Protein chains: 2
Amino acid sequence: MSFFTEQPVTSADKTFFQLRKDIVEGEIEAGSKLSETELSTKYAVSRSVIREAINRLASCHIVERKANVGARVVALTAEGIIDLYQIRESLEGMAARLAAKNMTDDEIADLNMLLNSHFQEVKNDESYYQEAGDVDFHYRIILGSKNNHLISMLFDGLYHLVRMYRVQLGMAGPRVSAAFDEHKHIVQAISNRDEELAEMLMRRHITYSRTNIEQKLVGLGKN
Amino acid sequence: MSFFTEQPVTSADKTFFQLRKDIVEGEIEAGSKLSETELSTKYAVSRSVIREAINRLASCHIVERKANVGARVVALTAEGIIDLYQIRESLEGMAARLAAKNMTDDEIADLNMLLNSHFQEVKNDESYYQEAGDVDFHYRIILGSKNNHLISMLFDGLYHLVRMYRVQLGMAGPRVSAAFDEHKHIVQAISNRDEELAEMLMRRHITYSRTNIEQKLVGLGKN
DNA sequence: ATTAACTAAAGTGTCGACAATATAGTGCAA
DNA sequence: TTGCACTATATTGTCGACACTTTAGTTAAT
């Protein structure tokens with residue numbers, strides 16, 4: 001299968017995860033050049049290991065590599081994040097549709113429990129946990145699709161990029177209670193095995209997020 | 001940007017393209033093990049180059065790698081191709097929607113010309129060209145989405161896997177004249193800038209293909 | 001006969017060195 | 001001053017060697 005659940009075993013794995021973390025969280029800044037020799041001393045591994053890590057990041061579209069020139073961290077553009085959210089809308093919409101079809105009754109029951117615990121947090125205004133809760137919610141539905149390729153595309157590929165944008169553009173989400181209602185309706189549709197509605201609601205949910213982000217971008221004057 | 005238009009410059013590039021070709025076209029059989037040492041002699045390059053090529057193939061989900069064990073070509077399963085077509089339906093549906101929004105009038109005119117030339121071929125029963133024509137049709141719409149990330153996911157990732165299934169399961173498509181009508185309606189929707197309809201028609205078009213393949217799989221007794 | 005420990009072989013993971021390429025800087029000419 | 005050619009430097013691409021892990025085969029004990 002793919003490596004979204006596996007822990008790092010090899011040195012190249014660890015370096016890949018560490019480097020991705022450092023880029024996503026902005027410690028290595030967007031658009032900057034990644035020197036292989038420099039990174040190999042920084043992370044105390046050979047250039048081969050660094051090269052493998054960079055190549056993996058290139059496959060995730062987190063860095064861009066040019067032959068005989070080197071790799072750069074992708075630049076954060078308004079276009080870029082809109083592209084990502086269009087893909088998210090498409091793929092997670094499909095994931096919700098498949099989840100409505102393929103999740104077991106037990107898994108749906110668990111999803112309802114998760115929703116209730118979120119409700120408590122929202123009621124108690126513990127918005128700090130909302131971010132993690134939102135991620136958890138989407139994770140479960142994606143896993144519920146039972147489509148391994150789809151799961152891998154979202155977890156190994158898109159999510160880290162989306163997170164990179166969110167972290168670095170300072171998008172700790174508001175939209176708490178609104179998003180909660182949207183989650184509730186999605187779970188209802190899945191519980192009713194209504195594939196069509198589940199997909200539609202998930203797509204709207206993500207569209208709202210995108211619109212929300214676009215407004216923030218305008219406010220920040222990014223382009 | 002990504003490398004779907006760029007030609008190979010480095011030795012690792014060439015090896016990657018060659019190896020992918022050999023796997024997709026079945027010269028290296030599905031499910032077989034990829035020995036680094038063996039391949040390095042076969043392709044007359046060092047193990048480093050082979051390793052890089054294999055890693056790229058792993059990112060495309062064409063091979064699966066286990067640490068300290070090695071890489072295997074993915075197995076062809078009914079599940080696998082259904083997963084792929086679900087993703088295609090989702091992503092190419094979105095591509096059609098975006099194409100209806102973002103293609104220039106000139107590009108749409110070109111698309112109509114392409115459709116007419118296909119019509120001539122279908123009328124003359126030159127079904128030999130249908131395969132390439134179909135690919136060309138989808139390519140243009142995907143490019144028309146103007147979403148670079150989406151374009152790369154489809155061209156660099158999904159399409160080679162889909163082709164691998166089609167080649168190795170012997171799916172040189174029938175569905176010629178039926179598919180032509182579907183293409184025609186999709187282009188009409190795009191010409192009318194009807195995003196909603198373009199997406200819906202593209203999704204149906206791909207769903208039909210999937211259903212068609214599923215029936216063939218049943219006929220072949222694959223599972 | 002079956003299982004466990006051990007050993008040998010093969011294959012992968014990592015490393016440092018060398019080769020090839022791009023880039024910045026210098027000098028020269030117009 | 002501007003533009004071109006050339007050189008020097010730095011960085012990436014490729015290679016072969018060594019270290020570590022897995023696996024298969026052998027032996028020995030229950």
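Small disclaimer: the values here were computed from a predicted structure and weren't measured. Order of the sequence lines fixes the chain letters, A, B, ..., with proteins taken first and strands second; residue numbering starts at 1 for each chain.
- Between B/S46 and D/dC15 there is a side-chain polar atom (N or O) within less than 4.0 angstrom of OP1 or OP2.
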Could you list the protein-to-nucleotides 9-13 of chain C atom pairs, N/O on both sides, closer than 3.5 Å?
unit_1	atom_1	unit_2	atom_2	d
C/dT12	OP1	B/K33	NZ	3.1
C/dT12	OP2	B/E36	N	3.4
C/dT12	O3'	B/N68	N	3.4
C/dG13	OP1	B/N68	N	3.1
C/dG13	OP2	B/R51	NH1	2.3
C/dG13	OP2	B/R51	NH2	3.1
C/dG13	O3'	A/T10	OG1	3.0
C/dG13	N7	B/R47	NH2	2.8
C/dG13	O6	B/R47	NH1	2.9

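- D/dT14 atom C1' lies 10 Å from atom CD of B/E52, rounded to whole Å.
- Ring geometry for A/H183 versus A/F137: interplanar angle under 30°, hence parallel rather than tilted (30 to 60°).
- Checked by atom type, the side-chain pair B/D134/B/H118 shows no donor-acceptor distance below 3.5 Å.
- The nearest whole Å value for the distance from the CG atom in B/D13 to the C1' atom in D/dT14 is 13 Å.
- Partner B/R163 forms a side chain to side chain contact (heavy atoms under 4.5 Å, CB included) with one of B/V24, B/L158, B/V135 and no other, that one being B/V24.
- For the pair B/M103 and B/K146, the tightest heavy-atom approach, listed with the atom from each and the gap, is CA-NZ, 4.3 Å.
- Residues meeting the ring-ring contact (aromatic ring centres under 6.0 Å, His included) test with A/Y165, sequence neighbours left out: none.
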